[in-house]
Amino acid sequence: MVGYAGASRACAGASGGLSPRRLQMLEAICKHWEGPVSLALYLSDAEAQQFLRYAQGSEVLMGRHNVAYHIVYKEGQFYPVNLLRNVAMKHVGTPYMFLSDIDFLPMYGLYEYLR
């Protein structure tokens, strides 16, 4: 996790695959959750490149310095939900974690409320 304040007590851990809708969800999550985020993404090489271009072009994502992206490269036909969750959790640097899926949008102010 890069550059989050030591006063942070809660981190959002999330995982998911990549689609244009989910990319937009990531921006929405970052608008709703102000605290640190550890995000595990299940991507192919091409999807990882697409994600990088999207993230670098996003004002919202580039404006955040407390979001860690963890790429798990696609392998096989199964979706490794437990692996993705564990990767996101491994990189949480706070005493408490709000575990979520990339399709879940937390209410505004939840981070401050939980903090």
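Source: prediction; values computed, not measured. Just so you know, residue 1 is the first one in the sequence shown, and it goes up from there.
There is no path of hydrophobic side-chain contacts, each under 4.5 Å, that joins Leu23 to Leu52. Met62 and Ile71 end up in different hydrophobic clusters when Ile, Leu, Val, Met, Phe, Trp and Tyr side chains are linked at under 4.5 Å.
Contacts of Glu27 classified as salt bridge (Lys or Arg N to Asp or Glu O under 4.0 Å), with partners at least two apart in sequence or in another chain: none. Evaluation of the side chain to side chain contact (heavy atoms under 4.5 Å, CB included) rule for Leu105 yields Met25, Ala28, Ile29, His32 as partners, not counting sequence neighbours. Asn82 meets the side chain to side chain donor-acceptor pair (under 3.5 Å) test with Arg85; sequence neighbours excluded. With sequence neighbours excluded, no residue satisfies ring-ring contact (aromatic ring centres under 6.0 Å, His included) with Tyr73.
Taking every heavy atom of both residues into account, Tyr42 and Phe78 meet most closely at OH-O, 3.2 Å. Across all their heavy atoms, Met89 and Met97 have their closest contact at CG-CE, 3.3 Å. When all heavy atoms of Ser38 and His91 are compared, the closest pair comes out as OG-CB, 3.7 Å. Looking at every heavy atom in both residues, Arg64 comes nearest to Glu34 through NH2-O, 3.3 Å. Of all non-hydrogen atoms in Ala48 and Leu43, the two that sit nearest each other are CA-CD1, 3.8 Å.
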Can you check side chain to side chain contact (heavy atoms under 4.5 Å, CB included) on Leu26 and Leu61, steps first, answer last?
-> CA-CA 8 Å; Leu26 178 56; Leu61 300 182; 3.9 Å; yes
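In this pair, Trp33 and Phe98 present their aromatic rings parallel. The plane angle is below 30°, not in the 30 to 60° band.
Using modelled atom types, no side-chain atom of Tyr113 and backbone atom of Tyr108 make a donor-acceptor pair closer than 3.5 Å.
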